[in-house]
Visitor: 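Just dropping this structure here.
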Amino acid sequence: MNAAHALDVGLIGFGEVGKIFAAGFRGQPGIGKIAAWDLKFADAAAAAPEHAVAERVGVVACDSAAALCAGSLLIISAVTASNTLAVAAEAAHSIRPGSYFLDLNSASPGIKQRAAQLIDAAGAHYVEAGVMTSAPPYGIKVPMLLGGAKAHELVALLKPLGMDVTPVAERIGVASATKMSRSIMIKGLEALVIESFTTARRHGVEDAMLATLAETFPSIDWPRQGAYFFSRVAQHGKRRAEEMREAAATVEETGFAPTMAAATAAKHAFIAEHSAAGRFNGLDASSNWQAFADRLIAVALPEPLSSTETPERDEP
């Protein structure tokens with residue numbers, strides 16, 4: 001793609017993923033203007049620091065989604081799962097015919113299909129993405145499955161940028177179903193580790209429990225994996241809970257009860273509430289899992305357990 005046909009990119013959502021993609025696109029041959037719109041831009045308190053970040057990474061901060069859509073050939077939606085459909089509906093009012101709308105959000109196949117109808121009806125091309133792992137540390141090279149009638153066409157534009165994109169189907173829903181099915185397992189494992197490790201820690205049996213895990217799954221460094229899971233959920237629990245509600249909806253769309261997905265959503269929401277309350281202040285990705293578990297234990301059961309004690313439960 002030469003300079004005369006540079007790809008102008010618009011990012012709806014300037015959170016972690018939006019900033020990562022903006023940094024990855026910056027300076028790339030074939031990329032023209034990079035613009036962004038985020039609800040924080042309309043918040044007087046939050047706008048100034050966000051605008052400063054945008055300026056630092058060479059991004060034009062738009063004053064509305066409509067302005068962003070009017071000036072972009074590739075629009076990337078990177079918002080929370082619960083806002084997936086609302087963003088598509090807003091973009092459909094001002095999106096340029098012939099442009100691409102790449103939906104990165106972790107939403108169910110049904111929601112993606114409804115979003116596609118809105119964008120396609122406006123004369124643009126909806127492409128869904130199943131982002132198959134966390135964007136850090138991959139950046140724009142994070143593995144993604146693309147779906148939609150124009151998925152192959154968009155892949156041809158994105159691969160030269162170094163992006164790891166694979167077209168999987170013309171039918172909307174295949175990529176998102178793959179992503180959501182994976183999320184049930186991965187986010188479910190995060191929830192299980194948090195619950196299991198904290199319970200073992202509270203009863204003073206973590207060493208014995210970890211030894212049995214190491215015997216059964218010797219290839220996994222469980223203390224290190226546990227620390228990673230605790231830190232990521234503490235940081236992104238709210239977003240993960242929304243994703244797991246969409247995973248539950250994906251299960252329901254198959255006609256099954258989302259027993260495990262719904263429970264996982266509840267666990268992530270529980271950790272998010274503690275994080276918002278400041279329970280994990282001072283802890284980060286370098287902290288061990290015991291530090292996170294101890295913060296939970298201190299709030300739920302501040303006194304030592306006795307053999308006859310029946311503790312009250314802090315969550316369902």
Side-chain angles (χ1 to χ4, degrees), residues 11-24 36-41 43 46 50 53 76-88 102-109 111-112 115 128-140 142-145 175-195 227-251 258 260-281 283-285 292 296 315:
L11 298 159
I12 300 181
F14 200 55
E16 181 186 42
V17 174
K19 291 181 175 70
I20 286 172
F21 272 68
W37 158 249
D38 193 288
L39 286 176
K40 293 190 293 289
F41 293 179
D43 184 313
E50 289 298 316
V53 173
I76 298 176
S77 178
V79 297
T80 56
S82 61
N83 288 315
T84 299
L85 192 58
V87 165
L102 179 60
D103 191 337
L104 304 186
N105 304 312
S106 298
S108 74
I111 291 295
K112 292 285 184 92
E128 67 163 341
V131 183
M132 301 310 293
T133 189
S134 297
Y138 294 92
I140 64 170
V142 62
M144 295 192 293
L145 306 179
S176 52
T178 306
K179 160 70 174 180
M180 290 291 98
S181 297
R182 178 187 185 277
S183 293
I184 294 169
M185 178 63 72
I186 300 300
K187 304 303 189 295
L189 184 58
E190 290 176 343
L192 286 171
V193 164
I194 288 171
E195 185 162 300
Y228 177 75
F229 283 166
F230 270 92
S231 65
R232 290 297 289 175
V233 178
Q235 184 179 6
H236 300 296
K238 181 178 180 181
R239 188 174 72 196
R240 279 163 149 73
E242 289 192 12
E243 178 178 327
M244 289 312 301
R245 294 185 191 106
E246 288 297 314
T250 303
V251 177
M260 302 304 295
T264 299
K267 178 62 71 175
H268 283 263
F270 166 75
I271 297 299
E273 290 169 4
H274 279 283
S275 187
R279 307 281 187 242
F280 307 118
N281 286 354
L283 303 182
D284 57 25
F292 288 94
L296 295 174
E315 61 167 315

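The chain is numbered in sequence order, starting from 1. This one's a predicted model, so the numbers in the text were calculated from it and none came from an experiment.
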Visitor: Specify the closest pair of heavy atoms between Ile20 and Ala135, including all atoms of both residues, with the distance to one decimal.
Guide: CD1-CB, 3.9 Å
Visitor: Please check this pair: side chain of Glu246 against backbone of Ser106, looking for a donor-acceptor N/O pair closer than 3.5 Å.
Guide: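 No.
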Visitor: How long is the gap from CE on Met180 to CD on Glu243, to the nearest 0.5 Å?
Guide: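 The CE atom of Met180 sits 4.5 Å away from the CD atom of Glu243.
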Visitor: Checking Lys238 now: which residues fulfil side-chain hydrogen bond (donor to acceptor under 3.5 Å, both in side chains) with it, not counting sequence neighbours?
Guide: none
Visitor: List the residues meeting side-chain hydrogen bond (donor to acceptor under 3.5 Å, both in side chains) with Lys179, not counting sequence neighbours, and say none if there are none.
Guide: none
Visitor: When you compare the side chain of Thr133 with that of Pro143, does any pair of heavy atoms fall below 4.5 Å?
Guide: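 Of all side-chain heavy-atom pairs linking Thr133 with Pro143, at least one is under 4.5 Å.
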Visitor: Supply the atom-to-atom distance Glu195 CD to Leu296 CG, rounded to the nearest 0.5 angstrom.
Guide: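 Result: 11.0 Å between the selected atoms.
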Visitor: Hey, are Glu190 and Arg232 close enough for a salt bridge, meaning a charged N less than 4.0 Å from a carboxylate O?
Guide: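 No, no charged N to carboxylate O under 4.0 Å.
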Visitor: Do the non-hydrogen side-chain atoms of Val142 and Phe21 ever get within less than 4.5 Å of each other?
Guide: yes
Visitor: Would you say Lys19 and Glu50 make side-chain contact, with heavy atoms under 4.5 Å?
Guide: yes
Visitor: Is any side-chain heavy atom of Pro109 less than 4.5 Å from a side-chain heavy atom of Thr250?
Guide: yes
Visitor: Would Val53 and Phe14 count as a side chain to side chain contact (heavy atoms under 4.5 Å, CB included) here? Give the steps.
Guide: CA-CA 10 Å; Val53 173; Phe14 200 55; 4.0 Å; yes
Visitor: Supply the atom-to-atom distance Met185 CE to Leu192 CG, rounded to the nearest 0.5 angstrom.
Guide: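 So the CE of Met185 and the CG of Leu192 are separated by 9.5 Å.
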Visitor: Mind listing the closest non-hydrogen atom pair of Ala248 and Ala262 along with its distance?
Guide: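 Looking at all heavy atoms of both residues, the closest pair is CB-N, 4.3 Å.
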Visitor: So, taking the atom named CD1 in Ile12 and the one named CG in Leu102, what distance separates them when rounded to the nearest 0.5 Å?
Guide: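 Result: 11.0 Å between the selected atoms.
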Visitor: Can you name the nearest heavy-atom pair linking Leu104 to Val131, along with the distance?
Guide: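 Smallest heavy-atom distance, with atoms named: O-CG2, 3.8 Å.
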Visitor: Ignoring hydrogens and angles, tell me if any N or O in the side chain of His268 forms a donor-acceptor pair with the backbone of Met244 under 3.5 Å.
Guide: no
Visitor: Answer yes or no: is there a side-chain heavy-atom contact under 4.5 Å between Met132 and Thr178?
Guide: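 Heavy-atom side-chain distance check passes, below 4.5 Å.
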Visitor: To the nearest 0.5 Å, what is the distance between CG on Asn105 and NZ on Lys112?
Guide: 6.5 Å
Visitor: Would you compute the distance between atom CG of Asp103 and atom CD1 of Ile111 and round it to the nearest 0.5 angstrom?
Guide: 10.5 Å
Visitor: Between Phe292 and Ile194, is a side chain to side chain contact (heavy atoms under 4.5 Å, CB included) present by the stated rule, with each step listed?
Guide: CA-CA 9 Å; Phe292 288 94; Ile194 288 171; over 6 Å; no
